[in-house]
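We name chains A, B, ... by the order of the sequence lines, and we start the count at 1 in each one.
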Protein chains: 2
Amino acid sequence: MRWLPDAMGRLQAAALELFLERGYEATTVADIAERAGLTKRTFFRYFADKREVLFIGSERLVEAFVAAVTQAPAEAPPLAAMEAGLHALGDSFTAERHRFAAERAAIIASSPELQERELIKLAAMAAAAAAALRARGVGEPAATLAADAAITVFRVAFSRWVADDRPEGFRALTRESLDTLRMLAAAP
Amino acid sequence: MRWLPDAMGRLQAAALELFLERGYEATTVADIAERAGLTKRTFFRYFADKREVLFIGSERLVEAFVAAVTQAPAEAPPLAAMEAGLHALGDSFTAERHRFAAERAAIIASSPELQERELIKLAAMAAAAAAALRARGVGEPAATLAADAAITVFRVAFSRWVADDRPEGFRALTRESLDTLRMLAAAP
DNA sequence: CGCTCGATGTCATTTAGTGCCATCACGTTA
DNA sequence: TAACGTGATGGCACTAAATGACATCGAGCG
């Protein structure tokens, strides 16, 4: 299997299969590499560590988010700009990807180690979003607060989207969550 | 040093010293145990893993938070109850503990591994806070959103408190951050 | 004194992760 | 066509985290 194309993709697919079959902790990196027809050493050339095989590509989400925030109308208040970013993210969560997203989410939910990694990825997204807000002239701590709040909205919307058997549109879920947050903040 | 009292405290002190001297990654568990006059095996009896030596005791913060939320006036809206919880937390961050908190925060900031652990501890606190809100009759997703927003406020307030050479009161910082969040949510 | 029990030590083992160098397949060039 | 260079992969050795099984120590108690 050496020299077959798409070694990284094969490793990702093998990892997903094995995590679903035996669980994350019961799967060794050597197992994954073997199923992909490669070796442990090669696995660590593509992924910084065992968890990363489930998270690679998250930079593209961050880029999409930041781009949408940057392009939002200059007059848009911080949370409105964040909403634009969230909707850009939503474009990645289509009906076709729902099955994969749900499987991946189930694996992550089964392991604290993986939850940690997910949290730091979301924190990185929040940091990038806060930087984009600052570039729009938003000061601190407003930028950090708005960015973190937006990521919270994203987490809530995403978990609802994943849990739903009949996935509704992601946009509607984010709008609902954001509205709820606004109501909470408006309460005396 | 075997049978000397407070093995756990000695391990924590040794770890903090070594992390400050050499950095977290350059310190092995064997190093810590040796300085504490114990062995690696004993370290892992007190702490689930190497990172946990910096985080043990966080359950007490969670308890204080939850207790304050539970005891808040029944009519208090969700974010007001969260504010009560945050102020209860603030009681733990006194001027005497400022030095320790700053050193600990600097160590955590130096290592992604430790940041991951901190994030999951905060997530656990948010989950407990959300459960406390639900017990007060708050529905979902409002409970999760309010709890996560409160933790965001806490993070902002805490980082400002730590960074400050002349530590102001923690209460004032949380109130400011919460007010900023309310303003953001109120913007069109 | 001898016993029991909790805390600690010792040893072996698995696995994640990394550095170093060898090897392979492929394209380029002479 | 043969030599060469290059990027991807394998092989091997090594460190350190983490865990299980079992031995040992020290203190209190009858």
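- The pair B/Arg99-B/Glu103 meets the salt-bridge criterion, with a side-chain N (NZ, NE, NH1 or NH2) lying under 4.0 Å from an Asp/Glu carboxylate O.
- Aromatic ring orientation, A/Phe170 versus A/Phe93: tilted (interplanar angle from 30° to 60°).
- The side chain of B/Tyr46 places no N or O atom within less than 4.0 Å of a non-bridging phosphate oxygen (OP1 or OP2) of C/dA7.
- At whole-Å resolution of the value, CD in A/Glu34 and C1' in D/dT9 are 16 Å apart.
- Ion pairing between B/Lys121 and B/Glu52 holds under the 4.0 Å rule for side-chain N and carboxylate O.
- B/Ala30 comes within 4.0 angstrom of nothing in the nucleic acid, heavy atoms only.
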List every contact pair, protein side and nucleotides 17-20 of chain C side both N or O, where the distance is under 3.5 Å.
unit_1: C/dG17; atom_1: OP2; unit_2: A/Lys50; atom_2: N; d: 2.6
unit_1: C/dG17; atom_1: O6; unit_2: A/Lys40; atom_2: NZ; d: 3.3
unit_1: C/dG19; atom_1: N7; unit_2: A/Arg41; atom_2: NE; d: 3.4
unit_1: C/dG19; atom_1: N7; unit_2: A/Arg41; atom_2: NH2; d: 2.7
unit_1: C/dG19; atom_1: O6; unit_2: A/Arg41; atom_2: NE; d: 2.6

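- One finds no salt bridge joining B/Arg136 and B/Glu75 here, because no Lys/Arg side-chain nitrogen approaches an Asp/Glu carboxylate oxygen to under 4.0 Å.
- Between B/Glu116 and A/Arg51 there is a salt bridge, since at least one side-chain N of the basic residue sits less than 4.0 Å from a carboxylate O of the acidic one.
- As rounded to whole Å, 16 Å separates atom C1' of C/dG6 from atom CE of B/Met8.
- Rounded to whole Å, the distance from CG on A/Leu114 to P on C/dA16 is 12 Å.
- Between A/Lys40 and A/Glu34 there is no salt bridge, since no side-chain N of the basic residue sits under 4.0 Å from a carboxylate O of the acidic one.
- Counting to the nearest Å, the P atom of C/dT15 and the OH atom of A/Tyr24 are 13 Å from each other.
- A close approach under 4.0 Å does not occur between any side-chain nitrogen or oxygen of A/Thr42 and OP1 or OP2 of D/dT9.
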